[in-house]
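Just so we're clear, the structure is a prediction, and the values are computed from it rather than from any experiment. In what follows, chains are A, B, ... by sequence order, proteins preceding strands, each numbered from 1.
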Protein chains: 2
Amino acid sequence: MARAVSETHGEILAAAARRFAVTGYRGTSLQDIAGEVGCSKATVLYHFANKEALLAELMAPAIGVLRDLDDQLTGLTGTAAQEVAAQGFVDLAVRFRREIAVLRGEFPELLCQPAFAHIQQISDRLRDALAGHSDRPAARIAALVLLAGISEACAEFVDIPDDELRPALLTLVRRAVEPVDAPLPQPPTTEDKDS
Amino acid sequence: MARAVSETHGEILAAAARRFAVTGYRGTSLQDIAGEVGCSKATVLYHFANKEALLAELMAPAIGVLRDLDDQLTGLTGTAAQEVAAQGFVDLAVRFRREIAVLRGEFPELLCQPAFAHIQQISDRLRDALAGHSDRPAARIAALVLLAGISEACAEFVDIPDDELRPALLTLVRRAVEPVDAPLPQPPTTEDKDS
DNA sequence: AGCATGCCTGACCGATCGGTCAGAGCCTGA
DNA sequence: TCAGGCTCTGACCGATCGGTCAGGCATGCT
């Protein structure tokens, strides 16, 4: 054997992504990944310090984009925040469908790991932005339903091309989210920012 | 000790429901459940043939209601199917939040077990009904996003009372789902039933 | 040739999993 | 009083998990 470092490293990463997306992080053993690559379990642990490090490296690109989106969101309020959150998350979810599928369901346990310490806070801020920073329960419920539903849909619709899935999700979000400062019975004041 | 049968049986069931909802089916060991009840692991396996049977008995009520909803859906088309599916599933998800939380994420693996053989087909029909039996990708995507999002929201918003969560979800679904045979450029024919 | 370095592996480890089993303790009916 | 059934348990089992370790085997430099 004796391939180049990056080669085997990348193969393990790709195999792990495939298996994690199907059987989940917990449900996939290092033996499974090694079997798919065609190497031994010890080889997997030669290239990655442990199973958690393998997952962290797998998630790094998606987490980076999520961080960028979080930065764009700071300071925005009302419909501007809603629109940026909707576009940003839909694009992220469509692009990183496989990573989304990995986190699906195992979110609470995986978030305890140090590599994902801030994801929970970021996703909370994202949900808050999609709700237009409103504290109305209906708005917060709608935001959660949409974010979770989009994640699930992206993980499930693996056969639909990006360019078809993205606009469909975006129009759905825009229809489902009620703008916080446009068609409400109150006069269009600009005071409804985060208190 | 030596309590009445039904007493310990019920306590194990309740403890399992609590733990499964937090750490998932796979992430909860029989030892965990026994510890929460205050009995030995062998006692758990005295009352239930195996871990799978424990889960099956836990899910039985929710599955029964899901089956009833599936029956109500047969024969309905268009907006009627959409409305019944929306109301039925929102009510089911709100009532059985804990059971929904258990299935969350571990859906694909759990469905392989014989006790849940038909759930996948039922949920597929439910999604189809919510999409108004339309084959438009946008309608099918919206239906999946909403069903998955509602499940997630019910599992997460444990502190919101039923009477508040239910109407919020229902209005969200009605706003997000576009009726199949009302404001479309086609004339309102009644031929759009399942082919 | 001799040596060092990097890639890879089989064998092994302790922990934990779901599940089995013989038997202890208790209650009840004969 | 005693036999028998019900409830419950500690001890144990094989399988599998993530992870460790000494060493094999190329390759390349001196």
Visitor: Expressed in angstrom and rounded to an integer, what is the separation of A:Leu54 atom CG from D:dG19 atom C1'?
Guide: 14 Å
Visitor: Between protein and nucleotides 11-16 of chain C, map the contacts as a letter string: B base, S sugar-phosphate only, - none, heavy atoms under 4.0 Å, written 5' to 3'.
Guide: ------
Visitor: When the distance from CG of B:Leu30 to P of D:dC8 is rounded to whole Å, what number comes out?
Guide: 16 Å
Visitor: How long is the line joining CZ of A:Phe48 and P of D:dT20, in whole Å?
Guide: 15 Å
Visitor: Could you tell me how far apart B:Leu55 (CG) and C:dG18 (P) are, to the nearest whole angstrom?
Guide: 12 Å
Visitor: Salt bridge between B:Arg95 and B:Asp91, side-chain N to carboxylate O under 4.0 Å?
Guide: yes
Visitor: Does A:Ser40 place a side-chain N or O at less than 4.0 Å from the phosphate oxygens OP1/OP2 of C:dT9?
Guide: yes
Visitor: Could you say whether B:Thr43 or A:Asn50 is positioned toward the 5' end of DNA chain D, judged by the nucleotide with the nearest heavy atom to each?
Guide: B:Thr43
Visitor: Counting heavy atoms from C-beta on, name the nucleotide in D:dC6, C:dG19, C:dC8 closest to the side chain of A:His47.
Guide: C:dC8
Visitor: Regarding A:Lys51 and the six-membered ring of A:Tyr25, is the cationic atom NZ or CZ under 6.0 Å from the ring centre and inside 45° of its axis?
Guide: yes
Visitor: Can you measure A:Arg26 atom CZ to C:dG18 atom P for me and round it to whole angstrom units?
Guide: 11 Å
Visitor: Applying a 4.0 Å non-hydrogen cut-off, can you work out what B:Leu45 is touching in the nucleic acid: base, sugar-phosphate, or nothing?
Guide: base
Visitor: Within this structure, what is the CD1-to-P distance between A:Ile33 and D:dC17, rounded to whole angstrom?
Guide: 11 Å
Visitor: Closest heavy-atom contact between B:Ile12 and B:His47?
Guide: CD1-CD2, 3.8 Å
Visitor: List for me each residue that meets side chain to side chain donor-acceptor pair (under 3.5 Å) alongside B:Asp162, sequence neighbours excluded, and say none if there are none.
Guide: B:Arg97
Visitor: Can you tell me how far P of D:dC8 sits from CD of B:Glu7, to the nearest Å?
Guide: 9 Å
Visitor: Roughly, in whole Å, what's the span from NZ in B:Lys51 to C1' in C:dG19?
Guide: 12 Å
Visitor: What verdict does the side chain to side chain donor-acceptor pair (under 3.5 Å) test give for B:Asp68 and B:Gln72, after you've listed the backbone C-alpha separation in whole Å, the side-chain angles of each residue and the deciding distance to 0.1 Å?
Guide: CA-CA 6 Å; B:Asp68 293 344; B:Gln72 293 176 29; over 6 Å; no
Visitor: Can you list the residues that meet the side chain to side chain contact (heavy atoms under 4.5 Å, CB included) rule with B:Arg18, with sequence neighbours excluded?
Guide: B:Ala14, B:Ala15, B:Glu36, B:Arg98
Visitor: Is any side-chain N of the basic residue among A:Asp70 and A:Arg125 closer than 4.0 Å to the acidic one's carboxylate O?
Guide: yes
